[in-house]
Amino acid sequence: MLVRYDSSKIREAEIKDVLRKMGYPPRELKGRRIDEYVSEIAREKKRLIATGILVSIAGIIMILMWLGYETPLSMWIMLTLAIMTISIPGGYILEMALQSIRRRILNQHVLLELAAFAGLIGGIIGIINPLFPAIDFLAVAVFVTAYHILSGYTSLIVRVKANKAVDKLLSMQPNIAIRIVDGKEEMVNVDDLQINDIVKVVPGDRIPIDGVIIQGQTSIDESIVTGESLPVDKGVGDNVIGGSLNLTGYILIRVTKTGDDIFIRQVAKYVEEAKVMKPGVIQLVDKILKYYVPGVITVAIAGFLMWTLGMIVIIGQPNILKAGYVVLAALVMGYPCALGMATPLAMIRGGGQAAERGILFRSPDAFNIFKEVKRIILDKTGTITRGKPVVTDIYGFNGYKESKIIFYAASAEKGSEHPVAKAIVEYALKKRLSLSLPTEFHSEHGRGIYAVVDGDRVHIGNIDYLLDKGVIVTPALDLISKLSKEGKTVVAVALNNKVIGVIAISDSIREDAPTAIKEIKSRGIKPVMITGDCRETADYIASKIGIEEVYAESLPWEKAALIRDYQNNGVRVAMVGDGINDAPALTQADVGIAIGTGTDIAIESADIVIISDKLTRIPEAIEISRKTYRKAVQNLSIAFSINGVGVPLSITGLVHPVWAMIAMGLSVSLILINSFLGEILGPPKRTLKYKLELDVPEIHCENCLKRIKTELEETFNDIIVEGDIQTKRLLITYSPKSFSKEEIIKILAGMGFSPKDMGRIYDTEK
C-alpha cells in the first residue's frame with residue numbers, strides 16, 4: 001500500500017495505528033524476507049488444517065442427521081464445533097470484521113460474521129426451542145467460516161509468490177567482500193563497507209558493491225543493468241555495478257555507494273514501489289460487492305422486522321421461526337460464495353487452455369486486464385532477440401573463403417573465455433571444422449589477440465588494433481562501418497599482416513518475432529521496444545520486425561517510468577521481458593509477461609510466463625484472456641441470477657436455511673458446468689483446409705523430422721506436420737487463416753533447411 005499524507009497534520013505512527021486497529025498490521029518493506037512469509041504460510045496452514053478437522057466432524061453429523069441418526073448430543077457437539085470454528089481458526093476474521101464496523105466499512109468479513117453469528121444464534125435458539133432446526137443453523141456457521149479461511153490461505157500464497165522476485169534480486173549481491181587495508185586482505189560484510197574503501201574482485205566473482213576501478217582490466221557481464229548479453233570491457237576509471245559479474249580480470253575498486261544507494265537495492269526498491277504504485281485493479285466483482293453487501297444486510301433486517309414487528313401489527317404476535325429463517329436464509333443466499341467462484345473458475349478454465357499452449361497465467365488480474373491493453377512494451381535482448389551472441393556474417397578478402405577464415409579465427413580464439421571468441425569457436429564446431437591449437441597466444445584487453453596457427457601469424461580484433469600491428473585494413477573499412485551501424489560487434493581477421501576476412505557477431509532476432517508483432521498489431525495493440533542497448537542497434541532491430549516506437553539506453557527504473565507515464569494517461573500496458581533489469585517494469589505494468597528462458601527474478605515479477613521462447617504465444621495469450629473474461633461475465637450472470645432471486649425470496653420466510661445452502665450449491669454447480677462443459681464434451685474439431693508439400697533435401701534422419709515437427713508445432717497452433725526420410729519430403733496441413741505458406745518456409749530456412757514448394761493441394765475437409 002502507498003499512502004500519501006500531509007505530515008503537518010498527520011503523523012506516520014497514527015496511520016499505522018489505524019491500520020493495526022483495522023486488522024491490517026503494517027510492515028516495513030525493507031528487511032521483509034521470504035523466510036518470514038514461509039513462517040506465515042506454515043501458521044496459516046495449521047489454521048486451515050484445524051478448520052478442516054472441525055468441518056469434517058460437522059459434515060459427519062449432518063450426514064448422520066439426514067440418515068435419521070440424530071441424537072440430542074448431536075446438537076451440543078455441533079454447537080461446540082460452531083463456537084470453536086468462529087472463535088479459534090476464525091477468530092482473526094471476527095477481529096477484522098469488528099474493526100471494519102468501527103470504521104463504518106461493510107465488506108465480506110462483515111457479511112461472513114453476520115451469517116456465522118446468525119447461524120450460531122439460530123442454533124442456540126433451536127436448542128432451547130425445538131421449532132428451530134438447531135443443527136442446520138449451526139452447520140451454516142461452521143461451513144461459511146471455513147470457506148472464508150480457505151480463501152484467505154489462497155490469497156496468502158499469491159502474496160508470497162509476488163515477493164519472491166525481490167528476495168531473489170537481493171540475493172544477487174554478495175554478502176561478503178574482500179577489503180584491502182594497508183596492503184592486507186580482510187573479509188568483511190558488505191553492509192560494513194564505507195565510501196572510499198578499496199575492494200578486491202577476482203575473475204568469476206560478482207562485484208559486491210558500486211564503485212570505480214582503480215587497478216586492473218576486465219570484462220564484466222552487466223546484464224543486470226542493461227540486459228545485454230555481450231560483456232563490457234572495463235579498465236581504470238570505469239564505474240562498476242554491484243551484482244554484476246566479473247568475467248576475466250583481477251581488479252581493485254574504490255567504493256562510491258553504500259547501503260540502499262547501490263544499484264541492485266535501488267532496483268529492488270523500484271520493484272517494491274511498482275507493486276503498490278501500479279493502478280489499482282478493481283475487478284467487476286468488487287464493484288458489485290460495494291453495493292451488494294449493504295443490500296443483503298438490508299434485506300435480512302427488513303425481513304426480520306416484517307416477521308416480528310410486522311406480524312405483531314397484523315396478527316398480534318411475532319413469528320420468530322420465520323424471522324430466523326429470513327435472516328439466516330438471506331445471509332446464506334447473500335454470502336458471495338458463487339460470486340467468489342465465478343471469476344476463478346473461468347480463469348482455471350482459461351489457465352488450462354493457456355497451459356496446453358505453453359502459457360502460464362500466474363495472476364488472476366492478467367485475465368481481466370489483458371483484454372484492455374493498448375500497448376505492449378517489449379525488451380530487446382533475450383525477448384525479441386535470443387540473448388546470446390552468435391556469428392551472423394562472414395566476408396572474405398584476397399580470395400579467402402568462409403571455412404578458411406573461420407578455421408584461423410576459431411583456432412586462434414580456442415583458449416579464450418571472451419563471449420565473442422566463444423561465439424566464433426561455437427560457429428566453427430557447428431560447421432564441423434577441425435581446429436588447430438595455437439602455438440603462441442597474446443591478448444590485449446578490449447582490443448584484440450595475436451596467435452600463431454599452423455605456423456601462420458593471426459591477428460583478430462578491432463581496426464585500431466590491426467593498424468597498430470601494421471595490418472593493411474583499407475579493403476574492410478566500408479564493410480566494417482556498415483555492419484557496425486547494424487549494431488553488430490565486428491572483428492577483422494588478418495593472416496601474416498594481410499586482411500583475409502571480417503566476422504560480425506550479434507544477438508540474433510527470434511524467427512517468429514516479425515509474425516508476433518504483426519499479430520499483436522492486428523489485435524489493435526501497438527508494440528513498443530525498449531532496451532538498455534545503444535540507439536543504433538535498437539533502431540536496426542526494430543526496423544527488422546516492424547516496430548516504429550523505440551526507446552534505447554534505458555535503465556531499469558526508466559523502463560518502469562515509461563510504463564507509469566502511459567498508465568497516468570489512461571493507457572493499459574503489458575511488458576514483455578526476460579532479465580533482472582526488466583523486473584521493475586514487469587511489476588509496474590498492468591500485465592507483466594516473462595519469457596520462460598529468462599531469469600527467475602523476471603519470472604517471479606511477471607503475471608504471465610511464456611514457457612517456451614515463442615513470441616507468437618503473446619497474441620495467443622491475448623485471445624485466451626479475452627475469452628476467459630467473457631466466460632467470467634457469464635458465470636457472474638448465473639451467480640447473480642440465483643442470488644438475485646434467492647435473497648429477495650428469502651424475505652417470504654419460505655426459504656429454509658438448508659435450502660439456501662442447496663441453492664448456493666446449485667449456483668456453484670451451474671458455474672462449474674458453464675466453465676468446463678467445453679472440456680467435458682471435448683474441443684471442437686479443427687478444420688485444416690490446405691496441405692503444403694515441401695522437398696527438404698537436408699532431411700537425413702528421424703531427429704531432423706522431430707526437430708522440424710517440434711519447431712513448427714510450437715510456433716503455429718493449427719498445423720499437422722508429417723514427413724518421409726526416404727523421399728526427404730514434408731506434408732504440412734494447416735489453415736491459411738492462421739498463417740501463410742511463406743511463414744512456414746521462412747521458419748524452416750531459419751533452421752538451416754532449404755525447403756522447395758512442390759505445390760499446394762486442397763484438403764478434402766474444405
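Positions are given from 1 along the sequence.
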Under the salt bridge (Lys or Arg N to Asp or Glu O under 4.0 Å) test, which residues partner R375, sequence neighbours left out?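 Partners of R375 under the salt bridge (Lys or Arg N to Asp or Glu O under 4.0 Å) test: none.
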For K627, enumerate each residue passing the salt bridge (Lys or Arg N to Asp or Glu O under 4.0 Å) test, keeping only those at least two apart in sequence or located in another chain.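 Applying salt bridge (Lys or Arg N to Asp or Glu O under 4.0 Å) to K627 gives none.
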Would you give the length of the straight line joining atom [atom1] of [X] to atom [atom2] of [Y], rounded to the nearest 0.5 angstrom?
X: L48; Y: I41; atom1: CG; atom2: CD1; result: 12.0 Å
X: E553; Y: E536; atom1: CD; atom2: CD; result: 10.5 Å
X: K518; Y: T515; atom1: NZ; atom2: OG1; result: 7.5 Å
X: I732; Y: K741; atom1: CD1; atom2: NZ; result: 11.5 Å
X: D539; Y: K544; atom1: CG; atom2: NZ; result: 13.5 Å
X: D582; Y: I593; atom1: CG; atom2: CD1; result: 12.0 Å

So, [X] side chain and [Y] main chain: donor-acceptor pair closer than 3.5 Å or not?
X: S625; Y: I622; value: yes
X: D379; Y: T531; value: no
X: D507; Y: T385; value: no
X: E558; Y: L555; value: yes

Tell me the closest heavy-atom pair linking [X] and [Y], and the distance in Å.
X: R510; Y: G382; result: NH2-O, 2.7 Å
X: D590; Y: Q567; result: OD2-NE2, 3.3 Å
X: G577; Y: L586; result: N-CD2, 3.8 Å
X: Q588; Y: A560; result: CG-O, 3.7 Å
X: S554; Y: I530; result: OG-CG1, 3.6 Å
X: M575; Y: A589; result: CB-CB, 3.6 Å

If you draw the axis of the six-membered ring of F370, does the NZ or CZ of R572 fall within 45° of it and under 6.0 Å from the ring centre?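 No.
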So do the side chains of [X] and [Y] get within less than 4.5 Å of each other, counting heavy atoms only?
X: T383; Y: L615; result: yes
X: K559; Y: P584; result: no
X: I595; Y: V576; result: yes
X: L712; Y: I744; result: yes
X: T628; Y: K371; result: no
X: E44; Y: I149; result: no
X: I719; Y: T733; result: no

Are K746 and E743 within salt-bridge range, i.e. N to O under 4.0 Å?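 E743 and K746: not salt-bridged.
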Should the pair E548-K526 be classified as a salt bridge under the 4.0 Å nitrogen-to-oxygen rule?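 Not counted as a salt bridge, because no side-chain N and carboxylate O are separated by less than 4.0 Å.
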Kindly indicate, with the supporting measurements, whether the criterion side chain to side chain contact (heavy atoms under 4.5 Å, CB included) is fulfilled by K374 and Y566. CA-CA 10 Å; K374 295 300 179 186; Y566 277 121; over 6 Å; no
Of L378, V528, I376, which meets side chain to side chain contact (heavy atoms under 4.5 Å, CB included) against I547? L378
Starting from the C-alpha separation in whole Å, work towards a yes-or-no answer on side chain to side chain contact (heavy atoms under 4.5 Å, CB included) for I509 and I545. CA-CA 9 Å; I509 298 173; I545 61 174; 3.8 Å; yes
Can you check side chain to side chain contact (heavy atoms under 4.5 Å, CB included) on E623 and E620, steps first, answer last? CA-CA 5 Å; E623 286 303 312; E620 291 177 28; 5.8 Å; no
Do E549 and Y551 pair up side chain to side chain, a donor and an acceptor below 3.5 Å, judged on atom types alone?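 Yes, because at least one side-chain N or O of E549 sits under 3.5 Å from a partner of the opposite role on Y551.
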